Amino acid sequence: MTQPPTPIQPARTQLPSAESWLTGVPLPAQRQLDGYAVAGFVISLPGLTAPLGAVLALVGLARIRKSGARGRKLGVAALAICAGWAIAIGVAAALGLYGEHKAGIGRSVPIAQLKVGKCFDADLDAGTTLKLVTIADCAAGHSGEAFAKASAGLTGLPPDEKGTAATQACASSFQQFIGKPYVQSELDMYYVVLEDHPVADGNVLCLVGKPGERLTGTMRGSQR
């Protein structure tokens, strides 16, 4: 009787253990955070350093793609924060420019059109009658400030008496505004006659300044 062929057993190769397969390959829990991604996230938070944070985050993301390190979410978050800061700063700048435009800052106007509470730039040392002034930001350096409108009967008065009456009318408002009588103040007072006859909102525009000095902030209550 013919015997059935004996099956040939394939040669067995000793496979390496599972542990040896992973030798030198870091597990997810063992991978380190990319330092650039972390730094980019931290530096992006204050806002002023956001541009540097964006650069570091981009470098970190590029390194992570090559190394497989952790920190991708931090890098993406840093870029998102930087984008948010850029939008916020852009909106704030646009609103600031709009506010300045609305307030007329930088615009030249006839001095008679200067509104009470507005600061202005002009050459107070010129020794000539001011006709045009430039509206200025009170928070920044400026030449002077329109602090009041006063009423004075000037009709028919000669020029010297008209000047005295206008000065007296502004002097009362000066003390209320500055907090010190004009004769005791280091500041100078100026006036612009808008009309000779008194009107409801005042016919004399009163200004304060100090030749040779740039004022900062309103002089209201300054006691100067």
Side-chain angles (χ1 to χ4, degrees), residues 46-49 89-224:
L48 294 177
T49 55
I89 292 172
V91 171
L95 292 176
L97 291 175
Y98 173 75
E100 288 188 1
H101 174 74
K102 189 174 181 180
I105 294 174
R107 182 164 56 93
S108 294
V109 298
I111 193 169
Q113 296 180 11
L114 193 62
K115 303 295 185 183
V116 173
K118 292 290 186 181
C119 296
F120 64 91
D121 278 322
D123 187 1
L124 300 180
D125 290 317
T128 58
T129 302
L130 290 178
K131 295 182 179 180
L132 287 175
V133 296
T134 301
I135 297 177
D137 182 0
C138 288
H142 55 275
S143 302
E145 180 179 1
F147 66 88
K149 276 187 177 180
S151 295
L154 309 176
T155 305
L157 295 178
D160 56 341
E161 293 183 15
K162 184 182 292 187
T164 299
T167 300
Q168 290 175 346
C170 285
S172 176
S173 298
F174 183 95
Q175 181 170 355
Q176 296 176 8
F177 183 76
I178 301 296
K180 177 182 289 188
Y182 174 56
V183 295
Q184 300 176 11
S185 175
E186 64 182 271
L187 301 173
D188 284 348
M189 184 176 65
Y190 307 85
Y191 66 86
V192 178
V193 176
L194 305 176
E195 298 184 50
D196 280 351
H197 60 280
V199 294
D201 63 343
N203 61 320
V204 179
L205 178 64
C206 307
L207 313 169
V208 63
K210 187 174 183 180
E213 179 181 332
R214 302 284 289 171
L215 305 178
T216 303
T218 179
M219 293 295 101
R220 181 185 295 276
S222 64
Q223 298 286 332
R224 292 187 60 182

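Predicted model, so just to flag it, every value in this text is computed and none were measured.
Looking at Ser185, its side chain never comes within 3.5 Å of a backbone N or O of Lys180 through a donor-acceptor pair. Side-chain N or O atoms of Glu186 include none that pairs as donor or acceptor with a backbone N or O of Arg224 at under 3.5 Å. Judged by distance alone, with hydrogens and angles left aside, the side-chain atoms of Ser222 form no donor-acceptor pair with the main-chain N or O of Thr218 at under 3.5 Å. Counting only distance, with no hydrogens or angles, the side chain of Asn203 and the backbone of Ala152 share a donor-acceptor pair below 3.5 Å.
Minimum heavy-atom separation, His142 to Gly217: CE1-O, 3.4 Å. Scanning all heavy atoms of the two residues, the minimum distance from Ala150 to Ala169 falls at CB-O, 3.5 Å. For the pair Cys138 and Lys118, the tightest heavy-atom approach, listed with the atom from each and the gap, is SG-C, 4.4 Å. Of all the heavy atoms in Ala166 and Tyr191, the pair that sits closest is CB-CD1, 3.6 Å. Of all the heavy atoms in Pro211 and Tyr190, the pair that sits closest is CG-OH, 3.2 Å. Taking both residues in full, the closest heavy atoms of Asp121 and Ala136 are given as OD2-CB, 3.6 Å, listed atom of the first, atom of the second, then distance.
Between Cys206 and Lys149 the shortest side-chain heavy-atom distance does not fall below 4.5 Å. Side-chain contact check for Leu114 versus Val192: every heavy-atom pair is 4.5 Å or farther apart. Residues Leu205 and Val116 are in side-chain contact: their nearest non-hydrogen atoms beyond the backbone lie under 4.5 Å apart. With contacts defined as side-chain heavy-atom distances shorter than 4.5 Å, the pair Ser173/Phe147 qualifies. Contact of the Glu145 side chain with the Leu215 side chain is not registered, since no non-hydrogen atoms from C-beta on lie closer than 4.5 Å.
If you take CD on Gln175 and CD on Gln184, they are separated by 8.0 Å, rounding to the nearest 0.5 Å. Taking NZ of Lys210 as the reference point, atom OG of Ser143 lies at 14.0 Å (rounded to 0.5 Å).
Under the side-chain contact (heavy atoms from CB on, under 4.5 Å) test applied with Phe120, the options Ile135, Leu207, Thr134 reduce to a single match, Leu207.
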